[in-house]
Amino acid sequence: MGSVASRTSASKGTARRLLAFVVPYWWIYLGLGILILLDIGLDLLFAWFLERVTDAAVAGNAAEVWRMLGIGIGALLAIVVVRYLRAYSVSVASSWVKRDIRNALMQHVLRLPTSSFEARHSGDLVSRFSNDMNALEGAVGRTVLQLVSGPLAALAASIYLLRLNWQLAILCLLLGPLILLQGAVFGRALRTNSQRLQSLLGTVNAFLTEVFGGHVVIKAFAMERGIFHRYTRDNDDLSALEVRNGRLRAGLSAVTYALALLMFLLALGVGAVYVTNGLITVGGLIAFVNLLNRVVAPFGDLAHIWGSFQKSLAAADRVFQILDEPVELQELPVPQPAGRALEKGLTLERLTFSYDGGRNVLDGIDLHIPAGKITAIVGPSGAGKSTLFKLILGLYKPSSGSIRFDGVEIAAMAPSELRSLIAFVPQDPVLFQGTVFENIAYGRPGASREDVIRAARLANAHDFIAELPQGYYTEIGERGTRLSGGQKQRIAIARSILKDAPILLLDEATSALDSQSEAAVQSALDRLMVGRTTLVIAHRLSTVHNADFIVVLDEGKVVETGTHASLMATGGLYSELYELQFRPVAT
Ligand code: ATP
């Protein structure tokens, strides 16, 4: 009971929140309301026309027949226009409302903290943007309209039927509950089946994303048969659910049709007797039979439409769940020009951090990172190196302790100010849809062509970019797949060079490049590091050799600091790691 009650109130809340997006377009919805009333009125007018034209014909009144035909044709034309306007306006209204919700969603998602992204599968967010956004359409468009117009039309038609002949109307309307009941039974079964179908579709979509993303691994491990087998199994299930859906729909329409037919026969049979008794005219009976359909159809569909409406609300709920997540930024940040160079450096004081409030991933780190120097961070996997970067970038707040840039605590800085001080080069370069030029220019929006080319030259990227089909204006494929690993890294480096921030956070790539590409990337990085306060998660031998200062992290603690030579001399964790990770292999 409780869960039903809370679901209803959640639905109410959701409906109210949807209403907030609908209100700006109240005039279209008002227009739609008027169109619905017109539609109903015209239907009744048409029934009236049938009654009058038939009666006039039976009475042999040719003039009246002609007059009525004029009205009938007029009514038909008006119905066509109204139906067109109604279908068109509802598409416009729902697409505008959806556009506004999508914009609100995107604006919200872009302001969410890193923790929100790391807590969920990226596919989940994408599916809320696409599947759920599509599914919620019903709640602001066609479905909700049917929910209003169907019963209204049925009510208006029932009143007209009662007016035509109340005994006959009551006799027919007694079948109404039966129609409602079968609609409810089929509607419930259809809803459960559709939910299963939707959820399986979601699983299959996620599976497909993995398959296409991991095609190299699939080939390398000859996983094709297994993947195909799994796909065919899901596909069979999908098809079975679709067939069941089809069967239910067919059942619903057949039973609705049978009941409608029954009503029709009843009306015609009893009505014919009434005609002979003079209780109803021939025209009245024809109008009656015609209008009956206006009662049967909406009631037969009502349960199903109600189910669709609930499904749309559930989808809207999933969208609003994202909108309810607390944001990190009050508004979308404006990129700021790079901050000035550091004078003293970065100071970490008793820095402690835990993701879940339990285990400390960083534990009481005290560290001074000197300005203008290269500091290498090394440590075993899971030591907390990447987490340290996330804290310096302000993506997570320390549980305790502080991070200061030249004595200013980063907690006191606006995120955009903090990030204007930092250029971040991740392990796996991230490129976005768009041209090579745009991808580099993200480093400094508004950068001139000369600036972008200069940065690309410094990043050893200019030559290969110039050889691309459209040079700097070549479109990069999804995740930059048309470029080699080393080329992508050099574009990412060019972006950071263009940003020209005083602090460089560099997470070196672990994947090996061929020696020529490696040399190009390395010299690009060397240029990028010049004059900056650099903190690098080191994976390369040359980096630890060239670093001014090395910090060894283990289980969230700084266990050693020093230069390569001094740390090797100590013979501690660093020298062990060095043997394992960095030592050049003798050939
Ligand atoms: P590697 O060299 O393997 O990349 P690392 O030193 O960079 O490792 P981190 O990625 O900082 O290590 O992870 C430190 C610890 O924090 C690990 O135990 C990891 O499981 C945990 N961790 C990392 N990210 C999260 C997260 N988003 N939520 C919860 N725990 C996390």
Side-chain angles (χ1 to χ4, degrees), residues 109-126 322 325-328 346 348 350-367 369 374-403 410 415 422-430 485 489 492 503-513 521 525 534-544 547 549-561 564 567 572-583:
V109 165
L110 286 172
R111 292 180 296 137
L112 285 176
T114 306
S115 53
S116 291
F117 290 98
E118 291 189 347
R120 58 162 47 91
H121 196 291
S122 59
D124 175 62
L125 271 181
V126 173
I322 303 284
E325 283 190 23
V327 291
E328 169 195 37
L346 268 71
L348 316 182
R350 294 191 303 282
L351 187 69
T352 297
F353 175 73
S354 150
Y355 281 103
D356 53 10
R359 183 175 67 97
N360 283 339
V361 173
L362 296 178
D363 196 358
I365 294 189
D366 279 308
L367 202 59
I369 293 153
I374 300 173
T375 303
I377 301 183
V378 296
S381 179
K385 305 179 293 287
S386 311
T387 306
L388 182 62
F389 270 24
K390 288 185 211 163
L391 262 70
I392 295 174
L393 275 162
L395 303 178
Y396 284 95
K397 292 198 182 358
S399 312
S400 65
S402 65
I403 302 174
I410 63 169
I422 304 173
F424 173 50
V425 181
Q427 208 172 73
D428 190 13
V430 180
Q489 283 180 10
I503 299 169
L504 172 64
L505 298 185
L506 169 62
D507 193 352
E508 273 186 344
T510 41
S511 52
L513 300 172
V521 169
L525 284 174
T534 302
L535 204 56
V536 46
I537 298 179
H539 292 295
R540 290 198 180 94
L541 181 69
S542 57
T543 312
V544 283
F549 183 55
I550 298 171
V551 176
V552 186
L553 270 188
D554 189 23
E555 295 187 355
K557 291 195 170 70
V558 175
V559 289
E560 291 170 21
T561 52
H564 171 67
L567 288 170
L573 180 60
Y574 178 78
S575 61
E576 270 175 45
L577 287 171
Y578 183 78
E579 295 293 335
L580 280 171
Q581 290 183 8
F582 300 108
R583 194 176 176 75

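Because only heavy atoms are used, hydrogens play no part in the values below, and waters and symmetry mates are left out as well, while side chains stay in. Here, residue 1 is the first one in the sequence, and each next residue gets the next number. Order of listing sets the numbers, starting from 1, for every ligand and every atom in it. As the structure is a computational prediction, the values presented were derived from the model and not from experiment.
Closest to atom 26 (C) of ligand 1 by heavy atom, among Tyr355, Phe389, Tyr396, is Tyr355.
Using modelled atom types, no side-chain atom of Glu508 and backbone atom of Val536 make a donor-acceptor pair closer than 3.5 Å. A donor-acceptor contact shorter than 3.5 Å links the side chain of Asp366 to the backbone of Arg350.
Of all protein heavy atoms, the one lying nearest to atom 8 (O) of ligand 1 is Gly382 N, 2.9 Å. Residue, atom and distance of the protein heavy atom nearest to atom 17 (C) of ligand 1 are Arg359 NH2, 3.9 Å. From the protein, the heavy atom lying nearest to atom 4 (O) of ligand 1 is Ser386 OG, 3.8 Å. Nearest to atom 3 (O) of ligand 1 among the protein's heavy atoms is Ser381 OG, 2.6 Å. Atom 9 (P) of ligand 1 has its closest protein heavy atom at Thr387 OG1, 3.5 Å. For atom 2 (O) of ligand 1, the nearest protein heavy atom (residue, atom name, distance) is Lys385 NZ, 2.8 Å.
Of the residues Ile410, Ile365, Leu348, Leu351, the one that meets the side-chain contact (heavy atoms from CB on, under 4.5 Å) test with Pro398 is Leu351. Only one option out of Asp554, Thr543, Val552, Leu553 pairs with Val378 in a side-chain contact (heavy atoms from CB on, under 4.5 Å); it is Val552.
Classified by interplanar angle (parallel below 30°, tilted 30° to 60°, perpendicular above 60°), the ring pair Tyr578/His564 is tilted.
The shortest side-chain heavy-atom distance between Glu118 and Tyr355 falls under the 4.5 Å cut-off.
Within the structure, ligand 1 lacks Gly379 among the residues with a heavy atom less than 4.0 angstrom away. The closest approach between Lys390 and ligand 1 falls below 4.0 Å for a heavy atom of the residue.
Of all atoms in ligand 1, listed by their number and element, those nearer than 4.0 Å to a heavy atom of Val361 are 14 (C), 15 (C), 16 (O). The Glu118 neighbourhood of ligand 1 comprises atoms 26 (C), 27 (N), with distances under 4.0 Å to a heavy atom of that residue.
Side-chain contact, Tyr396 with Thr387: no donor N or O sits under 3.5 Å from an acceptor N or O.
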Would Ile377 and Leu535 satisfy side-chain contact (heavy atoms from CB on, under 4.5 Å), going step by step from the backbone distance to the final call? CA-CA 7 Å; Ile377 301 183; Leu535 204 56; 3.8 Å; yes
